[in-house]
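Every chain is numbered from 1 and lettered A, B, ... according to where its sequence line falls, protein lines coming before strand lines.
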Amino acid sequence: MMLQQTQVDRVIPKYEEWVRKFPTFRALAKARPADVNRTWRPLGYNARPRRLHAIAREVVDRYDGALPSDEVTLRSFAGIGAYTAAAVQSFAFGLRAPIVDTNVARVLFRVFIGQSDRSSTTLQKHLWKVSAAVLPRRHVFDFNQALMDLGALVCVARKPQCSVCPMSAICQTYPPGPELKTRTQ
DNA sequence: GTCCAGTAAG
DNA sequence: CTTACAGGAC
């Protein structure tokens, strides 16, 4: 939840501090709201600590302190949407769940689509299908992580590094136009 | 001003 | 469908 719309580099130190202070759902459930909100600062989007606190309490009250892994239950928590539910399934539980975050959406769009409006609801739905279609049977954790890393490190928003990208040969956006001033052609 | 491991509400 | 939400980096 810290990673929702927040850069990884900014999350890591706060995440370390957070899990040191609230190592379990029970510990977080017991904490005072003021303490929870203060510990979150200055990550922003302050509905997130409030919702995470509520999730911890519900996990303790209704699920014996263990987060369920099924999508329906995960999505039933306020603050867990399509991406976070899939990320928890894939990264926390090792389940075969496709993911679409800002990185994956950009990579799949550029590689397989290339044109049309990137923000339309129809396209977003389609990208989830593409993500599911390219997902291998095994090594799902590594595959999803690699897809995100490709978007975060190579196929970045502003200056994609196409010269080192393994997808350039089949990429629908390659070669990139001048609007994507590539760093290395 | 845009973008960032989104989500809920209008 | 669009917008609010935090805050920091480029």
Taking A/I99's backbone N and O only, do any of them form a donor-acceptor pair with A/S131's side chain (distance below 3.5 Å, no angle check)?
yes
Assess the side chains of A/T84 and A/Q4: does a donor N or O sit below 3.5 Å from an acceptor N or O?
yes
Using nucleotides 1-3 of chain C, report all nitrogen or oxygen pairs with the protein that are shorter than 3.5 Å.
{"unit_1": "C/dC1", "atom_1": "OP1", "unit_2": "A/T121", "atom_2": "OG1", "d": "2.8"}
{"unit_1": "C/dC1", "atom_1": "OP2", "unit_2": "A/T121", "atom_2": "OG1", "d": "3.4"}

Indicate for each nucleotide in nucleotides 2-10 of chain B, in 5' to 3' sequence, whether protein heavy atoms under 4.0 Å reach the base (B), only the sugar-phosphate (S), or nothing (-).
BSBBBSS--
Pick the P atom in B/dA9 and in C/dA6, then give their distance to the nearest Å.
14 Å
I'd like to check A/L52 versus A/L28 (side-chain heavy atoms, cut-off strictly below 4.5 Å). Are they in contact?
yes
What residues form a salt bridge (Lys or Arg N to Asp or Glu O under 4.0 Å) with A/R38, not counting sequence neighbours?
A/D35
Between P of C/dG7 and CZ of A/R48, the distance in whole Å
10 Å
For B/dA5 versus C/dA4, give the span between their P atoms, rounded off to a whole number of Å.
23 Å
Electrostatic pair A/D101:A/R106 at N-O distance under 4.0 angstrom
no
Could you work out the separation of C/dT2 and B/dT2 based on their P atoms and round it to a whole Å?
16 Å
Residue pair A/M167, A/C155: steps toward the side-chain contact (heavy atoms from CB on, under 4.5 Å) verdict:
CA-CA 9 Å; A/M167 305 308 292; A/C155 192; over 6 Å; no
